[in-house]
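Below is one structure, written out as structure tokens; comments come after it.
These numbers come from a predicted model, not from an experiment. Letters A, B, ... are given to chains in the order of the sequence lines, protein chains preceding strands, and every chain is numbered from 1.
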Amino acid sequence: MEKTVKERIRDVIKKALVDDPFFSKIDERDISILPSVREEFGEFYTNLAFRMADAANKSPQKAALLLKEKIISLSPNFIEKIEVKNGFINFFLKKEVYLGLLSEILKSGTSFGHLGIGKGRKVLIEFVSANPTGPLTIAHGRQAAFGDSLARILRYAGFEVDREYYINDGGRQIRLLGESLKARYFQLKGEEGYAIPEDGYEGEYLIEIAKEIKDDNVSFEEFAVEHILEEIKKDLRAFGVNFDRWTRESRFLQDKSVEKFLEVLKKEKLLYFADGSWWFKSSAYGDEKDRVVVKSDGSYTYLASDIAYHKDKIDRGYDTLINIVGPDHHGYIPRMKAVVESFGFDPERLRFIVVQLTTLYKGKEKLSMSTRKGQFISLKQLMEEVGPDASRFFFIFRKADSHLDFDLELAKKKSVENPVYYLQYAYVRMKHILKFAEESGIDLLKAQADLSLLKEPEELSIAKKLARFSDTLEGIVNTYGVHLLAEYLLDLAKTFHSYYHRHRVVTNNRELTAARLVLTSALLTVFSKALELLNISLPEEM
RNA sequence: GCGCUUGUAGCUCAACUGGACAGAGCGUUGGCCUCCGGAGCCAGAGGUUGUGAGUUCAAAUCUCACCAAGCGCACCA
């Protein structure tokens, strides 16, 4: 696609600065082009003059004026005017820039906004990775919704993305699970002397699983894990989240890679023996203390298999590894960074996203959850209650690292208060206009649209917001702030509703109608794309 | 006690990573249905960004100290 408006402004500034000694001293990223906060400041502005002022020993205002002159002397054809105020340089762009964008959107269709910035770089997003010891909870649901949307957006931005689920199918928890299932099984058969072990799993779901066991001699561990894993996969599919790869912890134990990589670390002197166990020297890489990898009883800790797992990830050749985890894992981040660094992988390229917990409300009433006794609201129950669209939207429309209040009542409401319905309603409305036009005998494709007829401020406002789609996506790629897309969509929907109420698209004026249909159609294209990236369905009717 | 995250309008949250007078939604107050779907729209009120200092031309954002909430601090996962 063509360059975004932002990039075009940056390009012209770079050109204007090419002979300036200041230019060689800065990084290109220091030229920040920001969207203006107020109309009188144009559509975009830069604060570059403040940075230049120091270097040139001038006032920002003077530096700004100088830069302005340089830019004007290049007479860029897309700029209407440039104003300097208090050192800020404000850009007012020609209306044609935005109108031209509408045709571009129609031409490129669903690939509009597709950024080349990923350049095919490989990214691995590991998320959910819930232990197969029970059904997925809403906490996992939020991670799932977030990870899935992030994957979609990164893919759209030109990255090669794999989604991976890591299955902890070994260790103490699984042993407890097996014992718990065994107890349930023999309890069902009416045999005495079987109790759920201490710290075991008391959830009702194990009773259901136990009912399916036909043979006293099954491996209870395996039976439980496979059953629960199937349920997890089913729930995720229903939620609309698919994984490209499921990796089992047991694999790394079976193929001896845990052993192998611990040997490697031993040779590097990053593993040492003390107090009867083997320690990984994570403190050498900024962790607050060293961590045990082989316990004194000879068994591995979770970290040991994670070392093998992350070495495996690195060897698969990813540029960036993204791990989406819950808040209970944040203490674990430094040691994993230490692990990858010890293998020569830049720890900056291992990114952790901590997704905070969700509190469920029913109106004002707070629903308490306790995983301990198996009383909790599962992802499945949530989906049954409010549906996958609303669930996904509510999960992603807040920053991942802030706590989320999820109101079940609100999510179910079919009114303006519910943002999901607000968006879907806007979508249906756009579709309806185009359908209405078609039925009135106006063929958008054949109509010769003169876009200069779009003169209403609301029309220009829509076009300008469409231009920001790419910037929004770029922002998400840089910050992993998926919620920005939800906000963008709400803003776009609002602008559209507002336009709709002030102006009719389909009128007796055929030329004007044609132009407005182009606008509506371009809007619909971007709108659908954004909804798709959030994995929210596009209803035909409501 | 130490570490991480959070603290912004009555409520739920934004603020493009240090930029101009901090923005939305809900709620509230007051308007708007002959018309492409009123499941919607418009307008108003509402703020010392937890507190106090510091750095900077510029701080919600960075630093430090307090205060408050959540989560971690295992030879658990």
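- A/Lys435 has no side-chain polar atom (N or O) that falls below the 4.0 Å cut-off from OP1 or OP2 of B/C36.
- Remark: B/U8 base-pairs with no nucleotide; criterion is Watson-Crick or G-U wobble with both hydrogen-bond distances under 3.5 Å.
- A stacked arrangement is assigned to A/Phe50 and the six-membered base ring of B/C57, with a centre-to-centre distance below 5.5 Å and an interplanar angle below 30°.
- A/Lys399 has a side-chain polar atom (N or O) that falls below the 4.0 Å cut-off from OP1 or OP2 of B/A15.
- For A/Glu456, the CD atom counts as densely surrounded, since its 6.0 Å shell holds more than 12 non-hydrogen atoms of other residues, nucleotides or ligands.
- Centroid-to-centroid, the aromatic rings of A/Phe91 and A/Phe44 stay 6.0 Å apart or farther.
- Between B/U17, B/A77, B/A15, one nucleotide has an atom nearer to the side chain of A/His483 than all others, and that is B/A15.
- Dashed line: the shortest gap from a side-chain N or O of A/Ser440 to OP1 or OP2 of B/C36 is not under 4.0 Å.
- Taking the C1' atoms as reference points, B/A9 lies 26 Å from B/C62, given to the whole Å.
- Residue-to-nucleotide contacts include no donor-acceptor pair under 3.5 Å from the side chain of A/His501 to the base of B/G38.
- Base orientation at B/C62 is anti, since its O4'-C1' glycosidic dihedral falls outside 90° of 0.
- Taking the 5.5 Å centre cut-off and the 30° plane limit, the aromatic side chain of A/Tyr500 is not classed as stacked on B/G40.
- Look at A/Tyr425 and you won't find any side-chain N or O under 4.0 angstrom from OP1 or OP2 of B/C41.
- Comparing B/A14 with B/C26, their C1' atoms sit 14 Å apart, to the nearest whole Å.
- As the counterpart of B/G40, B/C32 is assigned, both hydrogen-bonding distances of the Watson-Crick or G-U wobble pattern falling under 3.5 Å.
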Report the C-alpha separation of A/Glu288 and A/Ser283 in whole Å, then their side-chain angles, then the decisive distance to 0.1 Å, and conclude whether the side chain to side chain donor-acceptor pair (under 3.5 Å) test is met.
CA-CA 6 Å; A/Glu288 58 187 24; A/Ser283 64; over 6 Å; no
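- Closest to the A/Gln173 side chain, of the nucleotides B/C42, B/C35, B/A77, is B/A77.
- Between A/Tyr499 and A/Thr479, the one whose closest nucleotide on RNA chain B sits nearer the 5' end is A/Thr479.
- Across all strands shown, B/C71 is found opposite B/G3 as a Watson-Crick or G-U wobble partner, with both distances under 3.5 Å.
- Glycosidic conformation at B/U55 (O4'-C1'-N9-C4 for purines, O4'-C1'-N1-C2 for pyrimidines): anti, more than 90° from 0.
- Between B/U51 and B/A68, the two P atoms lie 15 Å apart (nearest whole Å).
- If you check B/G19, B/A77, B/A14 against the side chain of A/Tyr45, the one that comes closest is B/G19.
- Counting atom types as modelled, A/Ser498 pairs no side-chain N or O with a base atom of B/C41 as donor and acceptor under 3.5 Å.
- Residues A/Trp279 and A/Asp401 both approach RNA chain B. Their nearest nucleotides, taken by heavy-atom distance, put A/Asp401 toward the 5′ side.
- If you check every strand for non-hydrogen atoms under 4.0 Å, A/Arg502 touches sugar and phosphate atoms only.
- The side chain of A/Arg429 lies closest to B/G38, out of B/G38, B/G25, B/C16.
- Rounded to a whole Å, the CZ atom of A/Phe393 is 13 Å from the P atom of B/C26.
- The same atom, P, is picked in B/G23 and in B/A15; the two are 14 Å apart, to the nearest Å.
- Nucleotides B/A20 and B/U49 place their P atoms 15 Å apart, quoted to the nearest Å.
- Minimum atom distance to the side chain of A/Tyr422 is reached by B/C41, of the listed B/A15, B/C73, B/C41.
- Spacing between B/G52 and B/U48 at atom P, rounded to whole Å, works out to 11 Å.
- Atom name C1', nucleotides B/C16 and B/C11: the rounded distance is 26 Å, in whole Å.
- In this structure, A/Phe88 has its ring center at least 6.0 angstrom away from the ring center of A/Phe41.
- Listed candidates were B/A20, B/U6, B/G19. Nearest to the side chain of A/Asn47 is B/G19.
- Between A/Lys281 and A/Asp290 there is no salt bridge, since no side-chain N of the basic residue sits under 4.0 Å from a carboxylate O of the acidic one.
- For the pair A/Gln356 CD and B/A69 P, the computed distance is 16 Å after rounding to whole Å.
- The listed nucleotides are B/U12, B/A77, B/A20; the one nearest the side chain of A/Phe88 is B/A20.
- In terms of phosphate contacts, A/Lys295 brings a side-chain nitrogen or oxygen within less than 4.0 Å of OP1 or OP2 of B/C76.
- Whole-Å rounding puts the A/Leu490 CG to B/C26 C1' distance at 12 Å.
- The six-membered or imidazole ring of A/Phe406 lies away from that of A/Tyr361, with a centre-to-centre distance of 6.0 Å or more.
- Between A/Thr520 and B/C36 there is no side-chain polar atom (N or O) within less than 4.0 angstrom of OP1 or OP2.
- Remark: B/C66 base-pairs with B/G50. Criterion, Watson-Crick or G-U wobble with two distances under 3.5 Å.
- Here the C1' atom of nucleotide B/A77 and the CD1 atom of A/Ile228 are 15 Å apart, to the nearest Å.
- Within a 6.0 Å sphere centred on CD of A/Glu226, heavy atoms belonging to other residues, nucleotides or ligands number more than 12.
- In this structure, the OH atom of A/Tyr201 is 11 Å from the P atom of B/A77, given to the nearest Å.
- Looking only at side-chain heavy atoms (C-beta outward), A/Pro197 and A/Leu176 come within less than 4.5 Å of each other.
- The existence of a salt bridge linking A/Lys6 and A/Glu474 is excluded, since no basic side-chain nitrogen approaches an acidic carboxylate oxygen closer than 4.0 Å.
- Ranking B/C13, B/A77, B/C71 by closeness to the A/Arg398 side chain, first place goes to B/C13.
- Look at the P atom in both B/A45 and B/C64: the space between them is 40 Å, to the nearest Å.
- In terms of polar N and O atoms assigned as donor or acceptor, the side chain of A/His497 never comes within less than 3.5 Å of the base of B/C41 in a complementary pairing.
- Set against B/C71, B/C36, B/C73, the side chain of A/Glu288 has B/C73 as its closest nucleotide.
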